[in-house]
> 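Right, I'll just put the structure down here and ask away after.
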2 protein chains.
Amino acid sequence: MVEKSNTDVVERRRGSGVKLVYDILRDEILDLKLAPGSSVDEVLLAERFQMSRTPIREALVRLAGEGLIETLPNRSTLVSNIDLLNLNTYFDALVLMYRVTTRLAAQNHRPDDLLAIRELHSQYAATVEARDLRDMIAVNAAFHSAIAEAGRNPYFTGLFRRLLDEGRRILRLYYNSYDEQFPQRFVDEHAEIIAAIEARDLDLADHLGKVHGEQIVEQVQRMFVRNQKLDIKL
Amino acid sequence: MVEKSNTDVVERRRGSGVKLVYDILRDEILDLKLAPGSSVDEVLLAERFQMSRTPIREALVRLAGEGLIETLPNRSTLVSNIDLLNLNTYFDALVLMYRVTTRLAAQNHRPDDLLAIRELHSQYAATVEARDLRDMIAVNAAFHSAIAEAGRNPYFTGLFRRLLDEGRRILRLYYNSYDEQFPQRFVDEHAEIIAAIEARDLDLADHLGKVHGEQIVEQVQRMFVRNQKLDIKL
DNA sequence: AAAATATTTCTTGTCGACAAGAAAAATGCA
DNA sequence: TGCATTTTTCTTGTCGACAAGAAATATTTT
């Protein structure tokens, strides 16, 4: 499982425990530190985080609400599996949300938003430079999440966040083979998107969002097929 | 508050309590039986449902996850307010989801789906006939939810469900004055939508979904303005 | 030895009690 | 009386313990 110091926190403020556990488990799930299908034991977590099962349970209920874990009644709770059979529905939703959020960002962004977006853009470039895959994926999600935020539609932002989260798992799953050309291309596309948003060119932003999304989809599909072939060989 | 027999259930199967409380509270919130902003007391609920606070709390955490209630740390939990200032973002999302789900239903539906949709369609017609406002709103949401289901994209279905839920509250809020022409028109539009889905005419389904959505939006906006004026007079 | 049955184990679900934090009420002080 | 301070009250947050359900193991029976 996960080898960690067994005392993540010692002294805590009332009410903060749930958020702590929720945040850590969520990250571990999305980074595949907790494998899909692996079991999540309340008692073990209670020991690890030095608290009773009650706040642990609350964190798990929230994670279940977002579909990151699944509860088998009276038996066990598992990290949700990645649904590879229905990737196409995932891609449909992802591309549409790329379009919509980028378009709305071009329409509704304010000066501060661009600052935050640019900051994450350069962070992303840095992770590409450092060839740090895990951070690259996480920061990329944060970058697009910031764009969605600038679009100021909480309904779209909420769905998009979930999709980006799931994307973190999918990308980690298939990104064993580090592809040289892929990340740098994305840095450039990100720059174009920022420019379109700043220029308040709705249609261009929409279009670039679409292209960017389809780019990623195609990339993942290629990796998917490649891995499929490897699986068959085994 | 709500006057109800204080013993909703007596003998229960382990694990079923949370779902029971969740379902009942959710319905009461969406039907405005629980007013936005009103407080939700864990102890009172525990007494009402004859169980300890633990399962009550779990139900509340889930409701909070869907934004139906809000928790003020260490103080109280309230039924979420309806955000009338940002109705336009709500409408944006709603119309887009009307389009997308109807289009996908035309593309992906199976025979059984049409059965379910038709059943809800006639149920809706019946509620219009009976002039039962509360049921009309709830069944209308169920009808469109079934269409989304037939589209087989859980990401879109999930968001659309939330939007339809929120719509139940908004409609109940403004639908004091029962408007004759409105519901019958919707029955007809529903029939057209079903036909487009069955014919697998994606573009027509998309278009009808859009028109239908905009129809509702316009209606609500009219009611909104009317009520605004009334408010000013008071 | 195989199948049916009983027992144990393991994990979740529920409970009642207590602690902490914040607001409301009461008290003291000018 | 008006304001600051203390006390009380009220609700949520956390805990440890126990019960229930299901799977795994052991036992019995044929």
Side-chain angles (χ1 to χ4, degrees), chain A residues 1-2 6-25 29 34-80, chain B residues 1-2 6-25 29 34-80:
Chain A
M1 304 294 166
V2 176
N6 277 26
T7 57
D8 281 39
V9 183
V10 189
E11 194 89 14
R12 237 172 316 99
R13 205 161 66 262
R14 177 187 169 89
S16 66
V18 174
K19 185 171 171 8
L20 180 83
V21 174
Y22 170 84
D23 285 339
I24 292 181
L25 288 183
I29 292 170
L34 291 174
S38 67
S39 82
V40 178
D41 190 309
E42 295 176 4
V43 178
L44 288 177
L45 289 173
E47 286 168 12
R48 173 177 163 197
F49 290 102
Q50 304 266 61
M51 59 182 80
S52 83
R53 281 173 51 222
T54 309
I56 301 286
R57 237 158 172 274
E58 185 171 328
L60 294 183
V61 169
R62 285 168 55 175
L63 290 168
E66 296 173 37
L68 293 178
I69 64 175
E70 272 165 49
T71 304
L72 310 184
N74 281 315
R75 282 195 275 137
S76 60
T77 90
L78 310 173
V79 176
S80 295
Chain B
M1 306 288 166
V2 176
N6 277 25
T7 56
D8 281 43
V9 184
V10 189
E11 194 87 15
R12 239 172 313 99
R13 208 162 63 263
R14 178 188 170 88
S16 66
V18 174
K19 184 171 169 13
L20 180 82
V21 174
Y22 169 84
D23 285 339
I24 291 181
L25 287 183
I29 291 171
L34 291 174
S38 67
S39 81
V40 177
D41 189 309
E42 295 177 3
V43 178
L44 287 177
L45 289 173
E47 285 168 12
R48 173 177 163 196
F49 290 102
Q50 304 265 63
M51 59 182 81
S52 83
R53 281 174 51 221
T54 310
I56 301 286
R57 235 155 174 275
E58 185 171 328
L60 294 184
V61 169
R62 284 167 56 176
L63 290 168
E66 296 173 36
L68 293 179
I69 64 175
E70 272 165 49
T71 303
L72 310 185
N74 282 316
R75 281 196 275 135
S76 60
T77 91
L78 310 173
V79 177
S80 295

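In what follows, chains carry the letters A, B, and so on, assigned in the order in which the sequence lines appear, proteins first and then strands, with residues in each chain numbered from 1. Just so it is clear, the structure is predicted and the values come from calculations on it, not from any experiment.
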> The side chain of B/Arg53 is closest to which nucleotide in this list: C/dA17, C/dT14, D/dC15?
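The answer is C/dA17, which lies nearest to the side chain.
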> Rounded to the nearest angstrom, tell me the gap between atom CD1 in B/Ile56 and atom P in D/dT12.
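Result: 11 Å.
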> Round to the nearest Å and state the distance from A/Arg14 atom CZ to C/dA20 atom C1'.
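About 4 Å, once rounded to whole Å.
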> Rounded to whole angstrom units, what separation is found between the CZ atom of B/Arg12 and the C1' atom of C/dC15?
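Between C1' of C/dC15 and CZ of B/Arg12: 12 Å.
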> Within this structure, what is the CD-to-P distance between A/Gln50 and D/dG16, rounded to whole angstrom?
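So the two atoms are 11 Å apart, to the nearest Å.
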> So what does A/Ser76 touch, heavy atoms closer than 4.0 Å: a base, only the sugar-phosphate, or nothing?
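Since only primed, P, OP1 and OP2 atoms lie under 4.0 Å of A/Ser76, the category is sugar-phosphate.
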> Could you tell me the separation between the CD1 atom of B/Ile69 and the C1' atom of D/dT11, rounded to a whole number of Å?
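Atom-to-atom, B/Ile69 to D/dT11, this comes out as 14 Å.
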> When we call it a touch if two heavy atoms are under 4.0 Å apart, what does A/Val40 touch: a base, just sugar-phosphate, or nothing?
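If one applies the 4.0 Å heavy-atom cut-off, A/Val40 turns out to touch the sugar-phosphate alone, with no base involved.
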> In whole Å, I'd like the distance from the CZ atom of A/Arg13 to the C1' atom of C/dA19.
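These atoms are roughly 17 Å apart.
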> If you find the nucleotide of DNA chain C closest to A/Asp41 and the one closest to B/Val18, which residue's nucleotide is nearer the 5' end?
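By nearest-heavy-atom nucleotide position, the 5'-most residue is A/Asp41.
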> What is the distance from CD of B/Glu42 to P of C/dC15, rounded to the nearest Å?
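Roughly 14 Å, once rounded to whole Å.
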> What's the separation between atom CG in B/Leu20 and atom CZ in B/Arg13, rounded to the nearest 0.5 Å?
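So the gap between those two atoms works out to 11.5 Å.
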> Side chain of A/Thr77 only, heavy atoms from C-beta on: which candidate in D/dT14, C/dC15, C/dT12 is closest?
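Among D/dT14, C/dC15, C/dT12, the one nearest the side chain of A/Thr77 is C/dT12.
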> On DNA chain D, compare the nucleotides closest to A/Ser52 and B/Leu60; which residue's is nearer the 5' end?
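Going by which nucleotide is closer to the 5' end, it is B/Leu60.
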